[in-house]
Amino acid sequence: MFNVLQHQFFLFKLAIVFLTRLPVSIKREVNDSSLNLATGYFGLVGFFIATLCASVLFLSMLVLPISIAVLLSMAFGLMLTGAFHEDGLADTADGFGGGWLPEQKLTIMKDSRLGTYGASALCISLLIKFQALLLLAEHNTYYVMFSLLLAHTLSRVLAVSIIPSLKYVQLEGETKTKPVATSLSSSSVAPLLLSLVLVIYLVMQFLDINLTQWLGLSVIIWLVRFFFIKFTDKQIGGYTGDVLGAAQQVFELVIYIFMLTLIGSC
């Protein structure tokens, strides 16, 4: 039993190392199999990231204007993750927008330089995120805090859920230049569900969201996920690490926008 718990803790730490810049020590050998298993903890890491970002936002709001507090929270999140998912969004936008054939798109996505499509997607994404969080914070402190928890956790679970729906693709004859999860193990489902149950329970305890609204969010998320998978498959015939990062950003924005609609209905 102790060995099982120790192994699960190792996977959780690996997920933290993969998704953040926190100096977590990993003393065991890391391989593709362990990375695939660690994806099960991406949701819990998202919850951890959101907790830290929400804490920065709350403390900043005590002494600073709300708009500055939101910007500081966003900046902290970018530093905490190394803009990991934002980089995926920018690379995906550059590749999908700048290439004609799948091979061209994959080549562009590998390029470290930022293009017009990537810069545009990144600016629009950050602006929407800032405005959404600002409006949520102005409406109610609880709303913005738990919107962060829901968005960061659920978006990472949904990004991971794309893995079994598409095949991993890369340029012919090329090995992976950075670690990417290429499969979702059945044993990873339990921690993913745990993170979902945790965040949904907390949101239901503090926010007045009824069953109809939860169903509405579920339908919206399913539609966005469905069309994202179809669009990505048409573009490059599968997914890459950058695509998963882009998916996380898209889902995060969708959840913030949905939370804004709840404000309008109050």
Side-chain angles (χ1 to χ4, degrees), residues 15-24 42-94 114-115 117-159 195 199 202-203 206-207 217 221 224 241-263:
I16 292 177
V17 170
F18 187 74
L19 294 180
T20 75
R21 292 293 181 88
L22 294 176
V24 177
F42 280 14
L44 288 176
V45 174
F47 185 90
F48 174 66
I49 292 170
T51 301
L52 295 178
C53 290
S55 299
V56 170
L57 178 58
F58 177 76
L59 294 174
S60 299
M61 286 172 62
L62 296 177
V63 295
L64 294 170
I66 295 178
S67 58
I68 302 300
V70 170
L71 284 173
L72 287 176
S73 176
M74 290 176 59
F76 176 79
L78 290 171
M79 291 188 293
L80 182 63
T81 63
F84 186 55
H85 303 297
E86 287 80 5
D87 178 65
L89 174 65
D91 286 343
T92 300
D94 276 333
L114 182 63
Y117 291 104
S120 300
L122 201 53
C123 287
I124 293 298
S125 172
L126 291 173
L127 285 171
I128 293 175
K129 194 177 299 185
F130 167 73
Q131 190 63 37
L133 290 173
L134 177 60
L135 291 172
L136 288 168
E138 289 176 341
H139 173 73
N140 187 293
T141 302
Y142 279 145
Y143 259 88
V144 70
M145 298 299 172
F146 288 96
S147 293
L148 282 168
L149 289 176
L150 183 63
H152 277 277
T153 305
L154 185 53
S155 64
R156 285 169 173 82
V157 172
L158 289 167
S195 62
V199 73
L202 289 174
V203 170
F206 289 91
L207 301 185
L217 176 60
I221 284 175
V224 172
D242 287 327
V243 166
L244 296 182
Q248 186 278 326
Q249 290 290 287
V250 169
F251 287 125
E252 186 179 345
L253 292 177
V254 167
I255 294 167
Y256 290 142
I257 292 171
F258 174 80
M259 297 302 289
L260 284 175
T261 67
L262 297 187
I263 291 178

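Predicted model, so just to flag it, every value in this text is computed and none were measured.
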Could you tell me which non-hydrogen atom of L148 sits nearest to which non-hydrogen atom of A54, and how far apart they are? CD1-CA, 3.8 Å
As a quick check of understanding, evaluate side-chain contact (heavy atoms from CB on, under 4.5 Å) for I263 and L135, giving each step before the final call. CA-CA 9 Å; I263 291 178; L135 291 172; 5.5 Å; no
Relative to each other, are the rings of F42 and F18 parallel, tilted or perpendicular (30° and 60° limits)? parallel
List the atom of A159, the atom of L244, and the distance in Å for their closest heavy-atom pair. O-CD2, 3.4 Å
If we only count heavy atoms from C-beta on, is the M61 to T141 side-chain gap below 4.5 Å? yes
Does any N or O in the side chain of S125 come within less than 3.5 Å of the main-chain N or O of A121, such that one atom is a donor and the other an acceptor? no
Mind listing the closest non-hydrogen atom pair of T92 and A246 along with its distance? OG1-CB, 3.7 Å
With side-chain contact (heavy atoms from CB on, under 4.5 Å) as the criterion, how do L57 and L72 come out once you've worked through the C-alpha distance, each side chain's angles and the decisive distance to 0.1 Å? CA-CA 7 Å; L57 178 58; L72 287 176; over 6 Å; no
F251 side chain near L154 side chain, heavy-atom distance below 4.5 Å: no
Evaluate the side-chain contact (heavy atoms from CB on, under 4.5 Å) criterion for residues T81 and L19: first the C-alpha distance (whole Å), next the side-chain angles of each, then the deciding distance (0.1 Å), finally the verdict. CA-CA 6 Å; T81 63; L19 294 180; over 6 Å; no
Does atom CZ of F258 have more than 12 heavy-atom neighbours from other groups under 6.0 Å away? yes
Interatomic distance, CE@M74 vs CG@L134, rounded to 0.5 Å, equals 10.5 Å
Between S73 (side chain) and C53 (backbone), is there a donor-acceptor pair under 3.5 Å? yes
With the side chain counted from C-beta on, respond yes when L217 and L150 share a heavy-atom pair under 4.5 Å apart, and no when they do not. yes
For I16 against T20, the heavy-atom pair lying closest together: O-OG1, 2.6 Å
For the pair F146 and Y142, name the ring-plane relationship: parallel under 30°, tilted 30 to 60°, perpendicular over 60°. tilted
Using side chain to side chain donor-acceptor pair (under 3.5 Å) as the criterion, point out the one residue from H85, E252, Q248 that pairs with S155. Q248
Roughly how far apart are D242 CG and L89 CG, rounded to 0.5 Å? 9.5 Å
Side chains of F206 and L149: does their closest heavy-atom pair fall under 4.5 Å? no
Y256 vs I128, side-chain contact (heavy atoms from CB on, under 4.5 Å): CA-CA, chis, key distance, verdict: CA-CA 9 Å; Y256 290 142; I128 293 175; over 6 Å; no
Are M259 and H139 side-chain neighbours, meaning at least one heavy-atom pair lies under 4.5 Å? no
Residue F130 excluded, over 12 heavy atoms near CZ under 6.0 Å: yes
Do you know which two heavy atoms are closest between G118 and D94, and how far apart they sit? N-OD1, 2.7 Å
Would you compute the distance between atom OG of S147 and atom CG of L260 and round it to the nearest 0.5 angstrom? 7.5 Å
Please give me the minimum heavy-atom distance between A137 and I66, naming the atom from each residue. CB-CG2, 3.6 Å
Are Q249 and E86 side-chain neighbours, meaning at least one heavy-atom pair lies under 4.5 Å? yes
